[in-house]
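The structure appears right after this line, and notes come after that.
Computed from heavy atoms alone, side chains included, the values below leave out hydrogens, waters and symmetry copies.
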Amino acid sequence: MPRSRATAPAVIVAIDERALDARGQWPWPRNVLAQLVDAINAARPAALGIDLLFVEPDRSSAGADAVLAQAIQRGKVVMGIAGLEYRDRRYPFPPQAAPTRVATKRELPLRRFDGHLQSRAEINRAADGRGLISSDAKEIVRRVPLAARIGQVIVPALSIEMIRVAVGAPLLRLTDQGGERVTLGIGDLSVPLQSDGSLHVYFGHHDAERFVSAEDLLSGTAAAELLRDKLVLVGMTGLGLLDYQITALGERIPGVEVHAQILEQIFDGEYLRRPTGATWIEAALLAAAGLVLVICVPIVRPWVSASLLAALLGALAATGLVAFRAGSLLNVAAPALGAAFLFATLLASTLAEADRQRRLLREAQARVAGELEAARRIQMGLLPAPRELFAAERRFSLEALLEPARTVGGDFYDCFMLDPHHLFFLVGDVSGKGLAASLFMALSKSLLKSLALRGARDPAEIFNQANAEISRDNPESLFVTAFAGVLDARNGRLAFCSAGHEPPVACQPGGAPQRLMQSGGPPLCVIRDFAYSASELELETGGWLCVVTDGVTEAMNERGELYGAARLLETVRGLAEPGAIAAAVRDDVRRFAGKAEQSDDLTLLCVRRSGA
């Protein structure tokens, strides 16, 4: 329910991207800013507020600070003051501010700043007023202090000081009527505040009509009527200057627009206020809702009590909305959450036995899920991380990924250096799925890695020994398809062997990706004592090899169609980096499958030769 603009008292002269492109990067020379101030003053605004600080002297030209001070002195100008949590040694004394008459019987808990930051004395003295430009917002701007203390001096916000200068009021009045009833008076105008001097900003949507580019004024193309008798603000809106705030509407707006929206809110007379005793009102709402639930929930059916809770929550929400439209901020979320918690407690007491049975069932399911999750972590922990393992390697690059169809699966991969020049890599797929496949996968991977590290560098010989070892103890008659390769990083010579595995895809620089159809033999554990044979391929610099499991080529969509090798070749066409290839294949398989359940583990390993 954002605020709608009823009046337009404020105009923002924006130092935006167009002005920066035309006049150069920030900070501009002070004589350019003096020209901008003179151009605004020539339009005869009610007051001019500068949401900028000129802390350092202008080194672009001698006397530029004096030129800017003279331009400020010729108009009704308010300079900004930034409150600090520490005392800046350059400003040991409190800032000069408009006098404030305080009528209170207590010490108001105004926001206090230990120090401040303001423009150079020569420029600051030339202004008719000085106003605070700081807020307490950490992430989202909801409240802004319109009266705060810097040391012992009460300093008004920039927007308030602009109104005071515009109407020519000699002082401000801070009147305390007890509780949260505090008003800030400027001439005949009274602004309601919280007891800490802050205002809840009632934000409207960001509106480009509030802005005039500084370049239009400097070039003389802006009409004077846009600024005449307006409260004019000068501030940054350039994207590279990082002066952006997030409002309660979730919009990022320039910080200077916060001041403009405060001025609009004051002129429209639309205020948001946390009323005195709001906490007691919220407690009474919770007590009323709780009493209704305590009486009704034990004696009605569950669906009726649920409907009653929904009606109570709707009534609380409506109360909060009605109060908001009246300008009062009530936190109906707290009573709503309390009522929901009480409802859950009462309902649980009437359904204790059923809840106990459900809890026992959930605990059993949680134990099974926990064991499966532990098995998944162990299985995934067996797989190496190529980016970390070969972070310093420049002769080749390697990427791998594995996405099990269930919590655990039977696919696996491995990659490691046999010596400083030879890379061994392996992709395998155990028949079946689930825990049985994962156990057989761990056995097969460990054995193949052990054989490779014990000195067998021929992939075919590694498969011969692994086939004999795994077949010896295989009561469930499981089998493993595997593809192993040994890459000589010095010359790109690749020796490989496929044990009934999905043919990999290879691509040389400038060529089209092709499948390597050479087969070294059947899957492991299918034919005992089978003699596997290896093949060779020379990868040129920039050439790559991509090994996948049938979880890629046999992925099914909702119509039961297979992904297929042709689509795989088309997906990797034109790609060169292993990371890009892996990501492209994974994403394309997901798009193809759509909402269909993943039918098999998806594993992919891609190696690319980078050079000698």
Side-chain angles (χ1 to χ4, degrees), residues 9-17 19-20 23 26-28 30 32-34 36-37 39-41 45-56 68-69 71-72 75-84 95 97-98 113 116-120 123-124 126-137 141 144-148 150 155-166 199 201 203 206-208 210-215 217-218 227 230-247 252-266:
V11 176
I12 301 170
V13 175
I15 301 176
D16 54 10
E17 295 294 325
L20 293 173
R23 303 288 168 168
W26 188 259
W28 287 349
R30 301 282 160 81
V32 176
L33 290 168
L36 178 60
V37 172
I40 296 173
N41 288 334
L48 169 59
I50 299 180
D51 187 19
L52 302 170
L53 294 175
F54 306 105
V55 180
E56 302 296 334
L68 178 58
I72 291 173
K76 295 181 178 181
V77 180
V78 178
M79 299 299 298
I81 299 176
L84 302 177
F113 295 96
H116 68 285
L117 201 63
Q118 62 187 32
S119 299
R120 289 175 53 78
I123 299 173
N124 198 52
D128 292 314
R130 283 143 289 276
L132 189 66
I133 59 175
S134 302
S135 72
D136 294 329
V141 177
V144 172
L146 296 193
I150 299 180
V155 180
L158 180 68
S159 52
I160 294 297
E161 184 66 1
M162 288 175 65
I163 297 175
R164 186 194 71 81
V165 170
L199 173 76
V201 185
F203 281 105
H206 171 71
D207 192 344
R210 294 188 180 102
F211 295 84
V212 176
S213 175
E215 176 58 23
L217 287 168
L218 289 170
L227 308 184
K230 298 286 188 179
L231 295 169
V232 179
L233 289 152
V234 175
M236 302 289 190
T237 64
L239 294 178
L241 300 177
L242 301 180
D243 184 25
Y244 276 74
Q245 304 291 336
I246 301 177
T247 72
R252 293 180 71 250
I253 65 173
V256 68
E257 190 176 355
V258 176
H259 300 295
Q261 296 220 30
I262 291 174
L263 289 170
E264 291 175 1
Q265 180 178 347
I266 292 174

Which atom of [X] lies closest to which atom of [Y], heavy atoms considered:
| X | Y | answer |
| --- | --- | --- |
| V77 | A127 | O-CB, 3.5 Å |
| E161 | G131 | CB-CA, 4.2 Å |
| G255 | Q245 | CA-CG, 4.0 Å |
| L218 | W28 | CD1-CZ3, 4.1 Å |
| L263 | A10 | CD1-CB, 3.9 Å |
| L132 | A148 | CD2-CB, 3.8 Å |

Inset, instruction - Kindly determine whether I262 and L158 satisfy side-chain contact (heavy atoms from CB on, under 4.5 Å), including the steps that lead there. - result: CA-CA 10 Å; I262 291 174; L158 180 68; over 6 Å; no
Quick one: [atom1] on [X] to [atom2] on [Y], what's the gap to the nearest 0.5 Å?
| X | Y | atom1 | atom2 | answer |
| --- | --- | --- | --- | --- |
| L199 | I160 | CG | CD1 | 8.0 Å |
| M79 | L48 | CE | CG | 9.0 Å |
| L68 | S119 | CG | OG | 8.5 Å |
| I150 | S134 | CD1 | OG | 7.5 Å |
| Q118 | I133 | CD | CD1 | 11.0 Å |
| E215 | L36 | CD | CG | 10.0 Å |

Inset, instruction - Could you tell me which residues satisfy side-chain contact (heavy atoms from CB on, under 4.5 Å) with A166, sequence neighbours excluded, listed by chain and number? - result: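 Counting only residues at least two positions away or on another chain, A166 forms a side-chain contact (heavy atoms from CB on, under 4.5 Å) with A46, A47, L231.
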Legend entry - Which residues share a side-chain contact (heavy atoms from CB on, under 4.5 Å) with P254, sequence neighbours left out: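 By the side-chain contact (heavy atoms from CB on, under 4.5 Å) rule, P254 matches H206, F211, T237, Y244, V256, E257.
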Legend entry - Worked verdict on T247 versus Q261 for side-chain contact (heavy atoms from CB on, under 4.5 Å): CA-CA 11 Å; T247 72; Q261 296 220 30; 5.5 Å; no
Taking the side chain as everything from C-beta on, heavy atoms only, tell me whether [X] gets closer than 4.5 Å to [Y].
| X | Y | answer |
| --- | --- | --- |
| S135 | V258 | no |
| W26 | L52 | yes |
| L33 | I50 | no |

Inset, instruction - For the pair I253 and V141, evaluate side-chain contact (heavy atoms from CB on, under 4.5 Å) and give the outcome as yes or no after the intermediate values. - result: CA-CA 10 Å; I253 65 173; V141 177; over 6 Å; no
Not counting sequence neighbours, which residues clear side chain to side chain donor-acceptor pair (under 3.5 Å) with [X]? List them please.
| X | result |
| --- | --- |
| R130 | none |
| E264 | R3, R5, R210 |
| D16 | S213 |

Legend entry - Partner residues of H116 under the ring-ring contact (aromatic ring centres under 6.0 Å, His included) criterion, sequence neighbours left out: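 Residues passing ring-ring contact (aromatic ring centres under 6.0 Å, His included) with H116: Y91.
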Legend entry - N41 side chain vs A71 backbone, donor-acceptor pair below 3.5 Å: yes
Inset, instruction - Applying side-chain contact (heavy atoms from CB on, under 4.5 Å), run through I15 and R23 and close with a yes or a no. - result: CA-CA 10 Å; I15 301 176; R23 303 288 168 168; over 6 Å; no
